Amino acid sequence: MEARTLELVFPEHTNPLGAAFGGFVLGLMDKVGSYAAARYAKKPVVTVAVGSVEFKVPIRTGDLLEVVARVVRVGRTSLTVEVEVYKERFGQENGRTLATKGTLTYVAVNEKGEPVPVEAHAGTD
């Protein structure tokens with residue numbers, strides 16, 4: 001299962017040097033990761049862990065970000081999601097560049113916020 005979104009980086013998302021705040025990028029990753037997990041689980045999810053995150057290249061004001069999240073592992077109540085953030089600069093020929101990647105873990109919950117089982121699907125697409 002996958003989810004994706006596009007986001008443009010504005011000056012309020014960046015430090016005085018024009019590089020995106022890590023927290024801004026992590027927030028996008030968490031949001032889109034939760035969409036992929038909830039789509040797979042077919043129920044609400046909560047974030048329980050942020051695994052390794054690697055900021056490979058700077059993200060700058062004016063970059064268009066594509067955030068792509070894929071469910072890669074399903075446990076009894078948990079889902080592990082790999083998230084990649086690609087940046088693209090309008091007018092540049094080098095196209096999309098992988099800027100950030102990481103792994104987040106979510107747990108499916110009921111209306112009381114209690115963990116509930118996730119049904120395994122034939123594939124994670």
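Quantities reported herein were computed from a predicted structural model and do not represent experimental measurements.
With a 4.5 Å cut-off on side-chain heavy atoms, F10 and L8 count as touching. Using a 4.5 Å heavy-atom threshold, the side chains of V85 and M29 count as touching. No side-chain heavy atom of V83 sits less than 4.5 Å from a side-chain heavy atom of T103. Considering only heavy atoms from C-beta on, R39 stays 4.5 Å or farther from E2 through its side chain. Side-chain contact between I59 and T100: present, with at least one pair of heavy atoms (C-beta onward) separated by less than 4.5 Å. By the 4.5 Å heavy-atom criterion applied to side chains, V45 and V107 are not counted as neighbours. With contacts defined as side-chain heavy-atom distances shorter than 4.5 Å, the pair R70/E84 qualifies. For the pair R73 and S78, the minimum side-chain heavy-atom distance is below 4.5 Å.
Dense packing is recorded around CD of E114, with more than 12 heavy atoms of other residues, nucleotides or ligands lying under 6.0 Å away.
The nearest pair of heavy atoms linking A69 to A36 is O-CB, 3.8 Å. Scanning all heavy atoms of the two residues, the minimum distance from V25 to A20 falls at CG2-CB, 4.1 Å. Closest approach of A41 and A108 over heavy atoms only: CB-CB, 4.3 Å.
Transitive grouping of hydrophobic side chains (ILVMFWY, heavy atoms separated by less than 4.5 Å) brings L104 and L28 into a common cluster. Linking ILVMFWY residues whenever their side-chain heavy atoms come closer than 4.5 Å, directly or via other members, leaves V109 and V74 in distinct clusters. F55 and V68 sit in two unconnected hydrophobic clusters of ILVMFWY residues. Membership requires side-chain heavy atoms under 4.5 Å apart, directly or through other members. V67 and L79 fall within the same hydrophobic cluster, where Ile, Leu, Val, Met, Phe, Trp and Tyr residues are linked whenever their side-chain heavy atoms come under 4.5 Å apart, directly or through other members. Both V32 and F24 are part of a single hydrophobic cluster, where members link through side-chain heavy atoms under 4.5 Å apart.
Checking side-chain atoms of K87 against main-chain N and O of P58 turns up a donor-acceptor pair under 3.5 Å. Using modelled atom types, no side-chain atom of R4 and backbone atom of E66 make a donor-acceptor pair closer than 3.5 Å. Side chain of K43 to backbone of P117: a donor-acceptor contact under 3.5 angstrom is found. The main-chain N or O of L65 is never found under 3.5 Å from a side-chain atom of D63 such that the two would form a donor-acceptor pair.
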Original post:
Can V9 and F21 be said to form a side-chain contact (heavy atoms from CB on, under 4.5 Å), step by step?
Top reply: CA-CA 10 Å; V9 180; F21 291 118; over 6 Å; no
side-chain contact (heavy atoms from CB on, under 4.5 Å) for S34 and Y106? Distances and angles first, verdict last.
CA-CA 7 Å; S34 73; Y106 302 88; 3.7 Å; yes
Exercise. Assess whether side-chain contact (heavy atoms from CB on, under 4.5 Å) is satisfied between T97 and V57, documenting all intermediate values.
Key: CA-CA 8 Å; T97 302; V57 295; 4.1 Å; yes
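Under 3.5 Å, the side chains of Y35 and D30 contain no donor-acceptor pair of N or O atoms.
Between E82 and K101 there is no salt bridge, since no side-chain nitrogen of the basic residue lies less than 4.0 Å from a carboxylate oxygen of the acidic one.
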